[in-house]
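This is a predicted model, so every value here is computed, not measured.
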Amino acid sequence: CGACVEQCPVDIEHVDAIVDMRRYQVLNESAFPSELGGLFKNLEKNGNPWGMAPRMRLDWAKGLPFDVKIVGQDVESLEEVDYLFWVGCAGALEDRAKKTTRAVAELLDTAGVSFAVLGDGESCTGDSARRAGNEFLFQMLAQQNVEMLNSVFEGREPGTRKIVTTCPHCLNTLGREYPQLDGHYEVVHHTQLLNKLVREGKLVPVAAPD
């Protein structure tokens, strides 16, 4: 959060120094835990930490009582919908997180909010690579995503390029780090959007079942 840097009496920005040292260890010395080697390979080859096939990114939507629109198939561009739903690697591929993804999609449909997903066109934002010190891999993934997002948002002015995500890591990377690479989007967490829909009366909370 940076509070320690703010409180430092001699203004030592040690967080930046630690990040730089970690990048040096990973990129120059190849000194990192062996587990990270598998992560880096999976991100580079399949665009997700587990190395699962991209075609599995839409499995979470199977059996829903409505069709989930896919950019490039059901909608030509994001001018036709209110939000791009950035599902994220966990939300698309991890069994527990899939439940959250399905629930959010159902709530958005109930509230009458139109949305579309990228399906197998979505890839990891690169957050885990950057946090682990592999800045090269982050830049590669991020550049690909920014180019793709800018193309599907073409025609919509900055400030109207709306993305909703359930993943806090994707929220931070898309909203706070992609602007460094000319990716400017209005990114909200699903809890923020659901809160807005409740306040607008488009969703009505109900008591939890006994």
Side chains of [X] and [Y]: closer than 4.5 Å at any heavy-atom pair?
X	Y	value
W50	N46	no
C8	E13	no
N195	T191	no
Q144	L141	yes
V188	K162	no
F138	E177	yes
R23	F136	no
Q25	E29	yes

Side chains of N150 and Y178, donor plus acceptor under 3.5 Å
no

*Going by distance alone, is a donor N or O of one side chain under 3.5 Å from an acceptor N or O of the other, for Q139 and E135?*
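On atom types as modelled, these side chains qualify, holding a pair under 3.5 Å.
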
Could you tell me whether [X] atom [atom1] has more than 12 heavy atoms of other residues or ligands within 6.0 Å of it?
X	atom1	value
K69	NZ	no
E200	CD	yes
Q192	CD	yes
H169	NE2	no
N28	CG	yes

Could you grab the distance from atom [atom1] of [X] to atom [atom2] of [Y], nearest 0.5 Å is fine?
X	Y	atom1	atom2	result
Y185	N145	OH	CG	8.5 Å
C124	L137	SG	CG	8.0 Å
R199	K196	CZ	NZ	8.0 Å
E44	N134	CD	CG	8.5 Å
R96	T101	CZ	OG1	13.0 Å
N48	E122	CG	CD	10.5 Å

Smallest heavy-atom separation, V71 atom then A116 atom, equals CG2-CB, 3.8 Å

**Asked** Looking only at heavy atoms, which two atoms of V26 and G133 are closest? And how far apart?
**Response**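 Answer, listing the atom of V26 first, then G133: CB-O, 3.8 Å.
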
**Message:** Run the ring pair (Phe, Tyr, Trp, His ring centres under 6.0 Å) test against F40 and tell me which residues pass, sequence neighbours left out.
**Reply:**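 Applying ring pair (Phe, Tyr, Trp, His ring centres under 6.0 Å) to F40 gives F32.
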
Q. Can you tell which of T165, L171, T173 makes a side chain to side chain contact (heavy atoms under 4.5 Å, CB included) with T125?
A.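 Of the listed residues T165, L171, T173, the side chain to side chain contact (heavy atoms under 4.5 Å, CB included) partner of T125 is T173.
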
- Query: Only one of L58, L118, D120 forms a side chain to side chain contact (heavy atoms under 4.5 Å, CB included) with I70, so which one is it?
  - Reply: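 With I70 as partner, L58, L118, D120 yield a single side chain to side chain contact (heavy atoms under 4.5 Å, CB included), made by L58.
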
### Query
Would a hydrophobic clustering, with Ile, Leu, Val, Met, Phe, Trp and Tyr connected at side-chain separations under 4.5 Å, put L93 with V104?
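L93 and V104: separate clusters.
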
Note to self: Tell me whether V117 shares a hydrophobic cluster with V164, the cluster being built from Ile, Leu, Val, Met, Phe, Trp, Tyr side chains joined at under 4.5 Å.
What the structure shows: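 Hydrophobic grouping puts V117 with V164.
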
Could you give the side-chain donor-acceptor pairs of residues 79-89 under 3.5 Å, partners two or more places apart or in another chain?
| from | atom 1 | to | atom 2 | distance (Å) |
| --- | --- | --- | --- | --- |
| E80 | OE2 | E76 | N | 3.0 |
| D82 | OD2 | S114 | N | 3.1 |
| D82 | OD2 | S114 | OG | 3.1 |

Do any N or O atoms from the side chain of R102 and from the backbone of K62 form a donor-acceptor pair under 3.5 angstrom?
yes

- Query: Is any NZ, NE, NH1 or NH2 atom of the basic residue among R161 and E186 found under 4.0 Å from an Asp or Glu carboxylate oxygen of the other?
  - Reply: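 So R161 does not pair with E186 through a salt bridge.
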
Between R130 and D127 (salt bridge meaning N to carboxylate O under 4.0 Å), is one present in this structure?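 No, no charged N to carboxylate O under 4.0 Å.
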
